[in-house]
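Structure first, commentary second.
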Amino acid sequence: MKESTINNLLNFDKDHIWHPYTSMKEPLPVYLVESADGALLKLGSGEELIDGMSSWWCVIHGYNNPRLNQALRDQVDKMAHVMFGGITHIPAIELSKKLIRMTPIGLERVFFADSGSVSVEVAIKMALQYSISRGRVSRNKVATISGGYHGDTWHAMSVCDPVGGMHSLYNGRLPIQYFAPRPTVEFGAEWCDDDFSPMKKLIYEHHEELAAVIVEPIVQGAGGMWMYHPEYLKKLSALCTSYDILLIVDEIATGFGRTGKMFASEWSGVVPDIMCVGKAITGGYMSFAATLATAKVADVISSGDPSEIMHGPTFMANPLACAVANESLAMLEEASPLLRIKEIESIMRDELSKAEGCTNIKNIRVLGAIGVLETHSPVDMARCQEEFVKRGVWVRPFGRLIYIMPQYIITNDQLIKLCRALVAVANIDDVFKK
Ligand SMILES: *Cc1c(COP(=O)(O)O)cnc(C)c1O
């Protein structure tokens, strides 16, 4: 594309279009992507960037994937959409079968939502309706751990990290929830029972008010890219069961192999009462998510008054989204990605460990296809991205975190180049705010 054309487009964008978490006054720069293929983003200027973000955890099979493209084409010729009230269709039925088969045993009631945040809203509604159905109306709060991220809609936001999230901004408006400090024992470190004490105390003191506990299992994503010990989740699950508090696991980021297990809950051998999945479910092709519940949860809700679940989005179980999700999950079932993810993990461990001793780096952590450099100072996002683009890679750091979650189809050479760019940029002092 001509430089003047690109500039015209970018100027219009700057004046008129909001981007995620940006100001309309002096927004951070954006890059124009014209197309994408495999693990590469192609910029309008002709440059190619190796994608380190999987477009925020989603694009596990690569961009412009022939099988996913074909699944969409086939479905669009049958029907792009049909309402789900009073109607059902094969893509939704097939997808439900796959989800029930792939997720931990016991999760067998499926609610299709249009985005991850919505699936979290639905999960919390389920928990509240469960309490109401059992006549325990005082149980109307949710507990969680700090440093979490569960989405940007209202109730989802109320269980995001109380400091880093948007609580202060909407002070007094968000539902009040209970927070335990985030677990301190890292994944791979030696477990210590004390780590669970604050949550234990919280549940002991407030169980009469708690409908549910919600957590991201093992890996906390956008709230801090933190990886904690599986024993914590195991203990949490057992305690929730003993108080009949529902455990909601938000697998929206961690699901479908990302942490090295198909679902991160498997690290702890836990079967939650409710599970949210999203992001990679469609291979990153469109916004879609699901909330799965056990038969018990569904039965209790359905014997209440009202007996209906009070949610039903316009695009519920959209056939295009179901069709592409079916194909994405079929690919995972036909050829398990877990071995490849192990290889990605091992390459990232080798390469990112080269940042050890770098004075800007506080902690290096890798699990599955997630690699994180935690820095001492917050990054200057625009400067950082400029340096990454210069090196032919796409990475979007935030706060004190420079991290990657590459696609499962990335080649070893691409991955090594990506990791080396991370280490190189982490060594540049002026990409950090002072
Ligand atoms: C991204 C994310 C969400 C929100 O999903 P959206 O599709 O962006 O609404 C919720 N929980 C977790 C753990 C996520 O990573």
Side-chain angles (χ1 to χ4, degrees), residues 1-59 62-65 68-69 72 114-117 149 151-153 157 164-166 169-170 221-222 279 282-288 315 320 375 377-407 410 414 417-418 421-422 424-426 428-434:
M1 282 170 88
K2 283 210 311 233
E3 201 178 326
S4 57
T5 314
I6 297 176
N7 286 338
N8 281 340
L9 291 165
L10 291 181
N11 283 335
F12 181 89
D13 183 286
K14 184 170 182 238
D15 290 340
H16 297 282
I17 310 179
W18 255 300
H19 284 262
Y21 310 103
T22 51
S23 163
M24 293 258 25
K25 238 177 178 178
E26 295 306 315
L28 292 172
V30 294
Y31 295 83
L32 185 74
V33 172
E34 238 192 322
S35 65
D37 193 71
L40 294 177
L41 302 176
K42 300 186 184 181
L43 299 188
S45 58
E47 287 164 89
E48 290 190 338
L49 306 180
I50 299 168
D51 175 28
M53 305 306 292
S54 297
S55 280
W56 282 336
W57 314 85
C58 298
V59 184
Y63 298 98
N64 198 22
N65 182 286
L68 299 180
N69 289 1
L72 272 179
D114 24 14
S115 75
S117 302
Y149 178 77
D152 289 350
T153 55
M157 200 162 55
M166 287 157 276
L169 177 60
Y170 302 111
K279 289 201 163 109
T282 59
Y285 268 56
M286 50 180 66
S287 179
F288 195 60
F315 286 94
L320 282 176
T375 61
S377 310
V379 295
D380 175 335
M381 179 126 64
R383 267 291 292 135
C384 230
Q385 289 207 306
E386 193 186 331
E387 289 295 335
F388 282 124
V389 170
K390 229 196 268 179
R391 287 167 176 76
V393 303
W394 179 247
V395 181
R396 188 168 170 85
F398 70 88
R400 291 180 170 78
L401 299 159
I402 304 178
Y403 66 103
I404 47 175
M405 50 258 191
Q407 308 168 5
I410 194 168
Q414 287 172 328
K417 188 170 171 195
L418 183 61
L422 232 64
V425 171
I428 305 174
D429 289 338
D430 83 333
V431 303
F432 299 100
K433 290 183 189 157
K434 284 290 157 290

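Side chains are part of it too, since the values below use all heavy atoms of this structure and drop only hydrogens, waters and symmetry mates.
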Report summary line: Residue pairs meeting salt bridge (Lys or Arg N to Asp or Glu O under 4.0 Å), one or both in residues 37-52, sequence neighbours left out, come to K42-E48
Requested in this report: Using the side-chain contact (heavy atoms from CB on, under 4.5 Å) rule, take F432 and D380 through it: C-alpha gap first, then chi angles, then the decisive distance, then the call.
Outcome: CA-CA 5 Å; F432 299 100; D380 175 335; over 6 Å; no
Query raised in the report: To the nearest 0.5 Å, how far apart are CG in N8 and CG in D13?
Result: 12.5 Å
Report task. Return the minimal non-hydrogen interatomic distance between Y285 and N69, and the atom names on each side. Result -> OH-OD1, 2.6 Å
Report task. Identify the two heavy atoms, one from L9 and one from M1, that lie closest to each other, and give their separation to 0.1 Å. Result -> CD1-CE, 3.4 Å
Report summary line: dist L28:CG -> E26:CD (nearest 0.5 Å) comes out at 10.0 Å
Report task. Would you name the heavy atoms of F398 and G221 that are closest together and state the gap between them? Result -> CZ-O, 4.5 Å
Query raised in the report: Is it the case that more than 12 heavy atoms not belonging to K2 sit under 6.0 Å from its NZ atom?
Result: no
Query raised in the report: Out of curiosity, L43 CG to L49 CG, how far, rounded to the nearest 0.5 Å?
Result: 4.5 Å
Query raised in the report: Do you know the tightest heavy-atom contact between G283 and L68?
Result: CA-CD1, 4.3 Å
Requested in this report: Please find out if less than 6.0 Å separates the ring center of F315 from that of F288.
Outcome: no
Query - Pairwise side-chain contact, T375 with L401, heavy-atom cut-off 4.5 Å (strictly under) - result: no
Query raised in the report: For P27, does its backbone N or O pair with a side-chain atom of T22 as donor and acceptor, under 3.5 Å?
Result: no
Query raised in the report: Within the distance-only criterion (no hydrogens, no angle test), does the side chain of T282 pair as donor or acceptor with the backbone N or O of M286 below 3.5 angstrom?
Result: yes
Query - Partners meeting side chain to side chain contact (heavy atoms under 4.5 Å, CB included) with A424 (sequence neighbours left out) - result: R391
Report task. Decide side-chain contact (heavy atoms from CB on, under 4.5 Å) for C384 and V425; before the verdict, give the C-alpha distance in whole Å, the side-chain angles of both, and the deciding distance to 0.1 Å. Result -> CA-CA 7 Å; C384 230; V425 171; 3.9 Å; yes
Query raised in the report: If you round to the nearest 0.5 Å, how far is CH2 of W18 from CE of M24?
Result: 6.5 Å
Query raised in the report: Which value, rounded to the nearest 0.5 Å, describes the distance between F388 atom CZ and I404 atom CD1?
Result: 9.0 Å
Query raised in the report: Considering residues at least two apart in sequence or located in another chain, which fulfil the salt bridge (charged side-chain N to carboxylate O under 4.0 Å, His left out) criterion with D430?
Result: R383
Report summary line: Closest heavy-atom pair, G44 versus I6, reported as atoms and distance to 0.1 Å, is C-CD1, 3.5 Å
**Report entry** Value rounded to 0.5 Å, distance of CG in D429 from OG in S377
**Finding:** 9.0 Å
Query raised in the report: Is there a donor-acceptor contact under 3.5 Å linking the side chains of Y31 and S45?
Result: no
Requested in this report: I would like to know whether L422 and V393 meet side-chain contact (heavy atoms from CB on, under 4.5 Å); could you show each step before the answer?
Outcome: CA-CA 9 Å; L422 232 64; V393 303; over 6 Å; no
Requested in this report: Say whether, by atom type as modelled, one donor and one acceptor occur between the side chain of S115 and the main chain of S287 under 3.5 angstrom.
Outcome: no
Report summary line: Between Q414 and A39 the two heavy atoms that sit nearest each other are OE1-CB, 3.7 Å
Query raised in the report: Hey, does the side chain of S117 reach the backbone of D152 with a donor-acceptor pair shorter than 3.5 angstrom?
Result: yes
